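Within every chain, numbering begins at 1; the chains are lettered A, B, ... in the order of the sequence lines, protein sequences first and strands thereafter. No experiment lies behind these values; they were computed from the predicted model shown.
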Amino acid sequence: MEGIYFDNNATTRVDEAVVEAMLPYFTEQFGNPSSMHSFGNKVGLAIKKARMQVQELLGAEHDSEIIFTSCGTESDSTAILSALKAQPERKEIITTTVEHPAILTLCAYLEKEGYKVHYLQVDGKGRLNLDEYKKLLTDQVAVVSVMWANNETGTFFPVVEMAELAHAAGAMFHTDAVQAVGKVPLNLKDTKIDMLSVSGHKLHAPKGVGVLYLKRGVRFRPLLRGGHQERGRRAGTENTTSIVGLGKAAEMALEAMAFENTEVKRLRDKLEAGILAKVPSSFVTGNPDDRLPNTSNIAFEYIEGEAILLLLNKFGIAASSGSACTSGSLEPSHVMRAMGIPYTAAHGTVRFSLSRYSTEAEVDRVIAVVPEIIAQLRKLSPYWDGDKPKAEPDKAFAPTYA
Amino acid sequence: MWDYSDKVKEHFFEPRNAGPLEDANGVGDVGSISCGDALRLMLKVEPETDIILDAHFQTFGCGSAIASSSALTEMIKGKTLDEALKVSNQDIADYLDGLPPEKMHCSVMGREALQAAVANYRGEVWSDDHEEGALVCKCFAIDAVLIEDTIRANNLSSVQDVTNYTKAGGGCSSCHEGIEEILVKVMAERGDSFKPGTPAKEEAPPAGMTNLQRIKKIEAVLESVRPQLKRDGGDIELLDVDGKTIYVSMTGACAGCQMEALTLQGIQQKLMEELKEFIKIVPTKAGALSRASCQP
């Protein structure tokens with residue numbers, strides 16, 4: 001049985017055209033782009049082309065604003081650490097409670113190093129309060145880092161507006177846009193965004209390649225120093241094959257932009273409506289009116305997400321969950337907790353993330369399977385009674401050391 | 001994805017004894033909703049004999065929580081309450097052919113559920129001061145709360161101390177940064193500061209103890225447990241000693257026994273007490289146990 005892959009926010013399959021573009025750079029075109037001979041020169045030209053393809057996808061003004069890195073996390077760390085190094089007199093950072101661990105774990109570390117980190121709260125739909133943000137923007141803030149779209153719920157943050165505000169306060173603005181790039185039309189040259197992180201494998205390029213967009217003129221201190229690669233801003237021999245692949249993937253993403261926002265969105269909406277219509281005590285998390293076109297995060301109350309995923313997997317369906325167990329931690333997803341989703345629902349959140357390869361038949365199949373699975377697990381749940389939750393579920397089951 | 005055994009999958013996909021038990025006369029609710037694993041165990045006990053006639057469960061939790069609940073009900077049916085109370089969480093894990101340490105840590109609640117259900121049957125109130133912290137050492141499933149408490153109770157001040165007292169950090173060593181952070185925090189409480197390189201509290205093995213003396217001590221410990229193993233139709237043999245790793249072979253009825261992991265843990269504890277150092281005991285049969293011999 002062919003599997004159904006609805007976990008595209010975790011990673012995507014590399015498009016065959018991308019693989020085809022990459023292959024010659026393993027064997028025939030193996031040169032080091034820094035070399036003087038023609039072996040290297042041709043590869044140098046291929047990287048130049050990839051840089052322009054990415055520039056176009058991001059709507060960047062100059063191709064030299066594109067710095068190739070190894071992944072989204074490297075881009076995030078480079079951006080934030082650079083902003084702190086370049087402005088040693090500013091000791092504060094503003095970010096949000098719902099960022100990816102690539103930002104949150106770094107910020108927790110920086111707090112130990114003496115920096116003050118402000119975490120913006122979100123409301124029940126995962127939205128920020130911009131008045132709270134404005135109050136925090138002082139001349140002590142070195143950098144603001146706010147994700148473009150949330151990886152779990154797909155909910156957008158108003159980063160273009162927030163960048164304007166940061167700029168007015170003299171702070172740098174970085175956005176982790178790994179989920180948004182390829183799904184949201186971008187025109188960075190018309191924004192005040194100083195830095196932006198991209199991850200190749202989220203848009204059908206291979207794993208192990210990313211981009212840091214760095215607006216021309218923004219003060220920068222490299223993370224990796226060494227050779228002159230990437231104009232001395234990211235030393236280390238280029239991952240040429242993957243960079244070529246990312247270039248091709250960027251070109252294809254631009255072509256598919258309209259499709260992602262119409263057809264993929266239609267399938268996502270159908271999936272979501274189909275599941276919600278058949279499964280009681282379930283709801284969409286995040287802000288359904290302002291989110292990525294491919295993402296649907298549904299909380300199934302009174303059951304646990306890992307169990308749902310294991311049963312889905314038995315039917316060949318791949319998704320992901322915000323439960324504690326799927327990550328081996330003691331708490332459910334920090335994003336769900338930040339939105340105030342109760343534990344009995346947060347552990348049962350399942351994220352379905354589609355791609356342009358998802359089909360109508362797959363959506364129909366998932367709509368058919370999910371209600372059975374949920375009902376099967378609820379039969380085991382101490383909170384559940386027949387076809388509905390017990391009256392006053394928190395009193396009906398209140399385990400010791402809860 | 002977790003590497004669950006076939007037995008775990010079997011008990012998850014087709015749980016035994018799931019759902020309410022109408023005429024239950026002992027019910028135990030345990031677990032933690034914040035962690036995402038909680039269990040209601042329902043027993044039907046025959047008052048004259050204290051025998052568990054039937055056991056059912058309802059579980060809010062992950063695959064291993066459901067599988068271990070199912071296993072528990074199978075294990076205790078037909079036992080007397082006192083017999084059933086001897087079932088440990090490790091026994092449940094062994095019954096399921098092992099569980100990942102992260103899961104052992106939070107999703108196996110059988111022993112607690114049993115105690116609660118039996119207390120409920122006997123009209124007692126069961127309380128548990130059980131507190132779980134974030135998992136720090138994944139090799140030996142040791143959490144932050146246990147490490148903090150141990151540092152406090154014994155005035156520990158080095159990572160090696162923590163390893164000697166709790167086993168945490170004795171495997172792959174990637175949690176040493178986390179252990180140092182806990183040391184910094186707890187030592188600050190007592191007005192002390194953590195200094196890397198502080199020698200361990202317990203003296204190292206007595207100076208001058210030769211390899212031969214060490215091996216003789218190990219042999220002596222094994223000799224002391226041998227009669228017990230032989231009574232159960234098994235035996236243990238020392239194969240090699242490589243630094244802190246002691247290789248043994250379990251033979252006879254001990255080989256592949258469900259209690260093997262527990263037995264080895266006990267022997268490891270004895271060896272550590274006798275040698276006054278942290279050691280690992282490794283059975284040569286691969287995959288036989290997960291905790292005592294974790295080789296990350």
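If you measure heavy-atom distances from B:Ser69 to chain A, you find no contacts under 4.5 Å at all. Of the atoms belonging to A:Ile303, it is backbone heavy atoms, and not side-chain ones, that fall under 4.5 Å from chain B. For chain A, the nearby parts of B:Phe60 are the backbone and the side chain; heavy atoms of each come within less than 4.5 Å. Contact annotation for B:Tyr4: only side-chain heavy atoms (C-beta onward) come within less than 4.5 Å of a heavy atom of chain A. In this structure, no portion of B:Ala116 lies under 4.5 Å from any heavy atom of chain A.
Per-residue heavy-atom pair counts under 4.5 Å with chain A were compared for B:Gly28, B:Pro15, B:Gly63, and the maximum is reached by B:Gly63. Top candidate by heavy-atom pairs under 4.5 Å with chain B, chosen from A:Lys112, A:Arg337, A:Arg378, is A:Lys112. Note on B:Ile66, B:Leu39, B:Asp29: by heavy-atom pairs under 4.5 Å with chain A, the leading option is B:Asp29.
For A:Tyr109, the OH atom is loosely surrounded, since the number of other residues' heavy atoms within 6.0 Å does not exceed 12. A 6.0 Å sphere centred on NZ of A:Lys395 holds no more than 12 heavy atoms belonging to other residues, nucleotides or ligands. In this structure, A:Lys379 places its NZ atom where only 12 or fewer heavy-atom neighbours from other residues, nucleotides or ligands lie under 6.0 Å away.
No side-chain heavy atom of A:Asp76 sits less than 4.5 Å from a side-chain heavy atom of A:Leu106. At least one side-chain heavy atom of A:Ile374 sits under 4.5 Å from a side-chain heavy atom of A:Ile308.
No option in A:Ser320, A:Ser321, A:Ser333 other than A:Ser320 meets the side chain to side chain donor-acceptor pair (under 3.5 Å) test with A:Arg351.
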